[in-house]
Amino acid sequence: MRAVRSRNAMSPNARRLVSFLGILAFLVAVWEGYKWMGTATGGVWPGTGIALPVRTNERSMPHTWDVVFALLRPARRGGDMLLLVLLRAALFTWRSALIGFLLGSAVGFGLGVLFVRSALAERGLMPHVVASQTVPILAIAPILVVWAGRLNVTRWLVVAVVSAYLAFFPVAINTLRGLRSPDATASELMRSYAAAPNQVLWKLQVPAALPYLFPALKIAATASVIGAIVGELPASMPDGLGRAILNFAAAFSAAPEKLFASILVASLVGIGFVGIVVLAERTLIPPSRRLEDLSEPQVRGVGA
Amino acid sequence: MSALSLRGVGKVFNPGSDQEVRAVHGVDLAVERGEFISVIGPSGCGKSTLLRLIGDLTPPSAGTVSVNGKTPSRARLDRDYGMVFQSATLLEWRRVQANVELPLEIMGMDAAERSRQAAAMLELVQLDRFANHYPWQLSGGMQQRVAIARALAFNPSILLMDEPFGALDEMTRERMQSELLRIRAETGTTVVFVTHSIPEAVFLSTRVVIMSPRPGTITEVVDIDLPEPRSDATRQDQRFFDLLTGVREGLRAVEDP
Ligand SMILES: Nc1ncnc2c1ncn2[C@@H]1O[C@H](COP(=O)(O)OP(=O)(O)OP(=O)(O)O)[C@@H](O)[C@H]1O
Ligand SMILES: [Mg+2]
């Protein structure tokens, strides 16, 4: 009787956790399986002479458990645990990412509002906004660092700006889309009340845009972490994940598990950040109005 | 001074292009305060456009519209219009009460008065028990009643309704019609009402305006001299049937000339 309960009686959250862990276990199994196969065949596909694309020795692919164990051992002889070192770096990077996220989201939201208000601004600025995202962030970051260096701004703030550079774009695009989502009759209703443009914005357009905003904020959250990590490199910040990753990459052949460990921690930062946005979405947007992804066509006006 | 007066009103969309449409042409009409005017006619004959011209949602290409002696845009800024469309267009993130309060909020009424007024309007449409529901928790007919309450909340002098009951089933529709008459008796609002239904037009109106397409113009105005107050018994009245026939013939003349 007990066993029958499991599948259907699970709460959605529990089910999500189980599927997450299941996929994690699958990925670990693929990794270890590949490694085991390579060791068994001497680095070729079974039954052929064709070399495997990735070597399976400890230098290229450490065991998954070695990565976890590496986290628990001192980063360097007599020093703090690697996990602790990485978490400190992650917290440092996350501070820049958070500021960048907030800054980028505010700028993105502001641009969305500007564009919905002024077709001229949209026509003039939108191409630049799009172009800004095709320039590699690796090229932008050092420029910003040098410019800011003359202005005497603290460096982690510069990193935040690099992070904002990546974060603002999805927010701008989706804010604009959301602000435009109410149907024409709703706008005409506001017109019949002789509502001021600001009233239309805050009472109709912004509430209508909220469901569009959150999927963009999730993207912005991950983008801001990437922006912060990349931004730390030219800023030569010694304390963040960027430096840690660079160091462990240099020492990859000696201790590959440390680089993998820092990748793990970096992705946990991103996941945690997105998690916070999801929590905010759950508290602010009722289920009936949530959009699952960006490709969702339209928020329907009730009765429309 | 009449509540509404149209003189030589016309509307051409995309003038000069190959997509030019003469949606409304040479419309003259005077409506007295407290009248209930229905506009009926084949699809595409310019009923909605006429309503939008009156409500300052689109400017006329010819003629003059005057509402309470003012230009439509002055009347709109004075909040003379209440509007109800075929879709209720309630804001889904607002509860019923807050939806009715929306125009009052925009007009700067203070919170206590606003809430009192909205509650009174919900009572008028008999939805006071649903004040705290969200729009999606209501049926289509109930949503439309909320839209009517919202349109009446600020005491507009003229109510513009474009097929407000078009999406409702016949029984709900008749109930809504009776309710609309009761509400109008209580508020004395002038109404311009677009519909496709002959019985609806006859039952509700003091006059029925028949329009013809290409170009959209008024071909006939039928006086509806049914006794007041009207009730379900009115629908059985011989005079009611005679008027239905009159309007139907007027429409037939328009549809196949
Ligand atoms: N914004 C617009 N631009 C161009 N043409 C329009 C526009 N609005 C309406 N029309 C045209 O004007 C004519 C009248 O349209 P209107 O919507 O007023 O008709 P209607 O009588 O309300 O029809 P229905 O009964 O189907 O609602 C139609 O031929 C329509 O194509
Ligand atoms: Mg119409």
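Computed from heavy atoms alone, side chains included, the values below leave out hydrogens, waters and symmetry copies. Chain identifiers are assigned alphabetically (A, B, ...) following the order of the sequence lines, protein sequences preceding nucleic acid strands; residue numbering begins at 1 within each chain.
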Exercise. Please report the C-alpha distance between B:Met83 and A:Glu188 in whole Å, then the side-chain angles of each, then the deciding distance to 0.1 Å, and finally whether the side-chain contact (heavy atoms from CB on, under 4.5 Å) criterion is met.
Key: CA-CA 9 Å; B:Met83 294 192 189; A:Glu188 289 180 344; 5.9 Å; no
Practice problem: Mark yes when over 12 heavy atoms from residues, nucleotides or ligands other than B:Glu20 sit less than 6.0 Å from its CD; otherwise mark no. | Solution: yes
Which distance, rounded to the nearest 0.5 Å, do you find between the [atom1] of [X] and the [atom2] of [Y]?
X: A:Arg191; Y: B:Asp56; atom1: CZ; atom2: CG; value: 4.5 Å
X: A:Met190; Y: B:Ile106; atom1: CE; atom2: CD1; value: 3.5 Å
X: A:Thr185; Y: B:Asp162; atom1: OG1; atom2: CG; value: 10.5 Å

Quiz item: What are the two closest heavy atoms between A:Leu189 and B:Thr89, and how far apart are they?
Solution: CD2-O, 3.9 Å
Quiz item: side-chain contact (heavy atoms from CB on, under 4.5 Å) between B:Arg150 and A:Tyr193: does it pass, once the steps are laid out?
Solution: CA-CA 11 Å; B:Arg150 178 180 59 185; A:Tyr193 304 148; 3.2 Å; yes
Quiz item: Taking B:Phe85, B:Trp93, B:Tyr134 one by one, which has the highest count of heavy-atom pairs under 4.5 Å against chain A?
Solution: B:Trp93
Exercise. Sort A:Leu210 into side chain, backbone, both or neither according to what part of it lies under 4.5 angstrom from a heavy atom of chain B.
Key: neither
